[in-house]
A.B. asks: 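Dropping a structure here in structure tokens format, bear with me for questions.
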Amino acid sequence: MLSLYDGALNVPKILKEWYEEEAQSNYGAYLPFVGTVRSEDGIEGLSFDIYEPILESWFEAWQQKAKAKGAIIKMAHSRGDVLLHESSYIAAVFSPKRRVALEFIDAFVEDFKASAPIWKYDLKDGKRIYAKDRSTAIEGSGILGAKQ
Amino acid sequence: MLSLYDGALNVPKILKEWYEEEAQSNYGAYLPFVGTVRSEDGIEGLSFDIYEPILESWFEAWQQKAKAKGAIIKMAHSRGDVLLHESSYIAAVFSPKRRVALEFIDAFVEDFKASAPIWKYDLKDGKRIYAKDRSTAIEGSGILGAKQ
Amino acid sequence: MIRVEFLGPIQKDALEVEISNLNELAAILQEDKELAEWLQNSAVAVNDTIVTSLDVALQDGDKISLLPPVCGG
Amino acid sequence: MIRVEFLGPIQKDALEVEISNLNELAAILQEDKELAEWLQNSAVAVNDTIVTSLDVALQDGDKISLLPPVCGG
């Protein structure tokens, strides 16, 4: 399940809903990762653009990988502005056993950072500035720039 | 913070309290691991004995390791009986950055399984049966059994 | 007609172009100096599937998206 | 007097013994056949600190705990 919200996430509510949705599913491990906006470099917050069609297919491919291990994943992300100490991201794994959950959340979050079509901007001095230095080119990038 | 409860944990409440406690601490990552009792082998639930003095010193040693990485850990565990699909364990890491949280939760949960002085029993046919086959001897065990 | 969309921080309106493959698109976009850096670091999707080679035939109505470096979370 | 406690699933009441080191305790406990397996797989704590060697001097009032294999979570 992939849920996108305008603005900050209501973390306690989402963690509770996901826990209750799977209460009878017989998973032994529930491992949510919550990402929160840190105060650094004088920013007032972050802002996000999302390209949903590719985010959905990326997520669906990971859901299939999870399924192959008897696990499921859920993810929530913010669109638009998220202020300091608010949260913009939750990814969770449910699995029968702990090792799958511990390994899966790590691989999922890292690939999310490297591949999910989401763009981050710093909110600073009333401006929205692309976080270029913290961004990662998606694998296979640059093909249109190669000299013919 | 180490919290012990009689019976099952109220997971949504604990996850919410921990999140709110650290809402202004400027951690970028919150990563709780939740352990839930699975239905298997015909058990009706699990039951736990805890030896608190050593659990507390074990936990405090991990808290110091977390602190050295700018992180903190929180843990909750049940005493006594926990029924099917109820939860008995939550361990959470808060850290500035994601890599520390992802690596720490794995190491912490694995050492918890290997070292924390907690004994598990299956509740089955009205009896409380030590889960011997799933238990791990603490490192350094056996010194009193060695022939002189 | 092929529609070309520039996502996220690439501040450029969508284009409609008459091309039959991605090599032709590369030639067109490389004429725009403001796109030079984005072409080097962006991924390319055809109909919302990322492609890693220019050897892709295009059909009328296809949509191409340029995805610059990402940073979710 | 040294107090010896058996934790978790070891179904045995605490003992009070007059000993001055863990070697003496090992000799006493090895006489109890019901403890044989627990002695092989239990850890030993002196005053709530786990020890990994029998070379530990004991003082009057010390507490020894036997910790059988664990399984939290």
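Every chain is numbered from 1 and lettered A, B, ... according to where its sequence line falls, protein lines coming before strand lines.
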A.B. asks: Between B/T136, B/I138, B/V37, which residue shows the highest count of heavy-atom pairs closer than 4.5 Å to chain D?
C.D. replies: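 The answer is B/T136.
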
A.B. asks: Return the option, out of B/K120, B/R128, B/E139, B/K132, with the maximum number of heavy-atom pairs under 4.5 Å with chain D.
C.D. replies: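 Maximum pair count with chain D is reached by B/K120.
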
A.B. asks: Are any of the side-chain heavy atoms of B/T36 and B/V82 separated by less than 4.5 Å?
C.D. replies: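 Counting from C-beta outward, B/T36 and B/V82 never come under 4.5 Å.
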
A.B. asks: Tell me, for B/S57 versus chain D, whether the close heavy atoms (under 4.5 Å) come from the side chain, the backbone, both or neither.
C.D. replies: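 The answer is the side chain of B/S57.
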
A.B. asks: Identify which part of B/F33 has an atom lying under 4.5 Å from any heavy atom of chain D, answering side chain, backbone, both or neither.
C.D. replies: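 Neither part, no heavy atoms under 4.5 Å.
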
A.B. asks: Determine whether B/E44 and B/L83 make a side-chain contact, defined as any pair of heavy atoms from C-beta on separated by less than 4.5 Å.
C.D. replies: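 A side-chain contact is absent here, since even the closest heavy-atom pair is not under 4.5 Å.
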
A.B. asks: For residues B/W18 and B/I90, determine if any side-chain heavy atom of one lies less than 4.5 Å from a side-chain heavy atom of the other.
C.D. replies: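 Contact flag for B/W18/B/I90 side chains = yes.
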
A.B. asks: Please check if the distance between the ring centroids of B/W119 and D/F6 is under 6.0 Å.
C.D. replies: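 Between B/W119 and D/F6, the centre distance exceeds or equals 6.0 Å.
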
A.B. asks: Would you compute the distance between atom CD of D/E16 and atom CD1 of D/I2 and round it to the nearest 0.5 angstrom?
C.D. replies: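 That separation rounds to 9.5 Å.
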
A.B. asks: Measure from NZ or CZ of B/R79 to the centre of the six-membered ring of B/F48, then state whether that distance is under 6.0 Å and the direction lies within 45° of the axis.
C.D. replies: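 The answer is no; the distance or angle limit is not met.
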
A.B. asks: Side chains of D/N21 and D/E24: any donor to acceptor distance under 3.5 Å?
C.D. replies: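 Short answer, yes.
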
A.B. asks: Which residues in residues 91-116 of chain B have any heavy atom closer than 4.5 Å to a heavy atom of chain D?
C.D. replies: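 The list, in residue order, reads B/F112, B/K113, B/A114, B/S115, B/A116.
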
A.B. asks: At a 4.5 Å cut-off on heavy atoms, which part of D/I50 comes close to chain B: side chain, backbone, both, or neither?
C.D. replies: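 Interface part for D/I50: side chain.
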
A.B. asks: Report which part of D/S65 has an atom under 4.5 Å of a heavy atom belonging to chain B: side chain, backbone, both, or neither.
C.D. replies: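 For D/S65, the side chain is the part near chain B, not the backbone.
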
A.B. asks: Just give me the residue among D/L25, D/V44, D/L7, D/L66 that pairs up with chain B most often, heavy atom to heavy atom, under 4.5 Å.
C.D. replies: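 With the most close heavy-atom pairs to chain B, the winner is D/L7.
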
A.B. asks: As an exercise: rank D/D48, D/V51, D/T49, D/T52 by heavy-atom pairs under 4.5 Å with chain B and give me the winner.
C.D. replies: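 So the answer, after comparing D/D48, D/V51, D/T49, D/T52, is D/D48.
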
A.B. asks: Do you see a donor-acceptor pair shorter than 3.5 Å between the side chains of B/S47 and B/D81?
C.D. replies: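 There is such a pair (donor and acceptor under 3.5 Å, judged by atom type) between the side chains of B/S47 and B/D81.
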
A.B. asks: Do D/E34 and D/K12 meet the salt-bridge criterion of a basic N to acidic O distance under 4.0 Å?
C.D. replies: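 So D/K12 does not pair with D/E34 through a salt bridge.
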
A.B. asks: Identify which of B/S78, B/A131, B/P53, B/G35 forms the greatest number of heavy-atom pairs closer than 4.5 Å to chain D.
C.D. replies: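 Going by pairs under 4.5 Å, I would pick B/P53.
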
A.B. asks: Between B/D41 and B/R134, is there a side-chain N and carboxylate O pair less than 4.0 Å apart?
C.D. replies: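 Between B/R134 and B/D41 there is no salt bridge, as every charged N stays at least 4.0 Å from the carboxylate O atoms.
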
A.B. asks: Contact part of D/L35 toward chain B, heavy-atom cut-off under 4.5 Å: side chain, backbone, both or neither?
C.D. replies: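 No part of D/L35 comes within 4.5 Å of chain B.
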
A.B. asks: Minimum heavy-atom separation for B/L15 and B/P32, please, with both atom names.
C.D. replies: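 Taking every non-hydrogen atom into account, CD2-CB, 3.6 Å.
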
